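Read the structure below first, then the notes.
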Amino acid sequence: MAAKRNMRHQLWSLVEQIGAPNWFITVSPPEHRSPICIYYAGRQSSLSLDEKEFDEVRRLISKNPVAAARYFHFMVTMILELAVGTTLPNQTGIFGPVESYYGTVEQQGRLTLHIHMLLWINGSPNPEQMKQRLLQNSTTANML
């Protein structure tokens, strides 16, 4: 409970400092369908990932939860580097220049990991500015 309370305080501090986040993203990589996770689990041979081998793959991954965690770490790192642009100081990801981001990892019902992230995009309008733009556009449209 203390960890959740601390995360809430951190998040509200970010909202107070920067404003409302622009994007809410949930990433839940499907480890039982990924050749990378199957490789981490110890099977170096090729798999077709068809329905016949689906149960075998699930057993293989369930016997090696570290492989699923390594795969999750790899996927989240790639998303942060490529989509968010956290590798280099002036790198821009697909969302634009990110001012800040906050993420928390949770465990799903099937005991695999997923992450919820909030992104703040640099230079984007805050909710009050967006409201003013919408009101301005609606009055302009009514005048026509």
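Nothing here was measured: the structure is a model prediction, and the numbers come from that model.
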| message | Within the 3.5 Å criterion, strictly below it, is a donor on Q136 or Q132 matched to an acceptor on the partner's side chain? | response |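 Their side chains do not contain a donor-acceptor pair, so the 3.5 Å distance test is not met.
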| Do N122 side-chain atoms and V98 backbone N/O form a donor-acceptor pair below 3.5 Å? |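 A pair under 3.5 Å: no.
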| More than 12 foreign heavy atoms under 6.0 Å from CD of E106: is that the case here? |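 More than 12 within 6.0 Å, yes.
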Can you check whether [X] reaches [Y] side chain to side chain, under 4.5 Å on heavy atoms?
| X | Y | value |
| --- | --- | --- |
| L14 | Q10 | no |
| L118 | W23 | no |
| I25 | L119 | yes |
| H114 | H116 | yes |
| V27 | M75 | no |
| R70 | I36 | no |

So how far is it from [X] [atom1] to [Y] [atom2], rounded to the nearest 0.5 Å?
| X | Y | atom1 | atom2 | value |
| --- | --- | --- | --- | --- |
| Q17 | S100 | CD | OG | 9.5 Å |
| M130 | R133 | CE | CZ | 6.5 Å |
| K4 | T104 | NZ | OG1 | 9.0 Å |
| L113 | Y71 | CG | OH | 12.0 Å |

Would [X] end up clustered with [Y] when hydrophobic side chains under 4.5 Å apart are linked, directly or stepwise?
| X | Y | result |
| --- | --- | --- |
| F24 | M7 | yes |
| I79 | V105 | yes |
| F72 | V66 | no |

| field | Aromatic plane relationship, F74 with Y40 - under 30° parallel, 30 to 60° tilted, over 60° perpendicular | value |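 Perpendicular, since the angle between the ring planes exceeds 60°.
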| Intermediate values then yes/no, side chain to side chain contact (heavy atoms under 4.5 Å, CB included), T26 and I115 | CA-CA 6 Å; T26 298; I115 186 169; over 6 Å; no
| said: Using the rule given for ring-ring contact (aromatic ring centres under 6.0 Å, His included), can you reason through W120 versus Y101, listing the C-alpha separation, both sets of side-chain angles and the distance that settles it, and then say yes or no? | reply: CA-CA 6 Å; W120 286 264; Y101 66 94; 9.1 Å; no
| task | Start with the C-alpha gap between E99 and I121, add the side-chain angles, then the distance that decides, and say whether side chain to side chain contact (heavy atoms under 4.5 Å, CB included) holds. | result | CA-CA 5 Å; E99 186 171 350; I121 307 302; over 6 Å; no
| query | For the residue pair C37 and A68, what are the closest heavy atoms and their distance? | reply |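 That closest heavy-atom pairing would be SG-CA, 3.9 Å.
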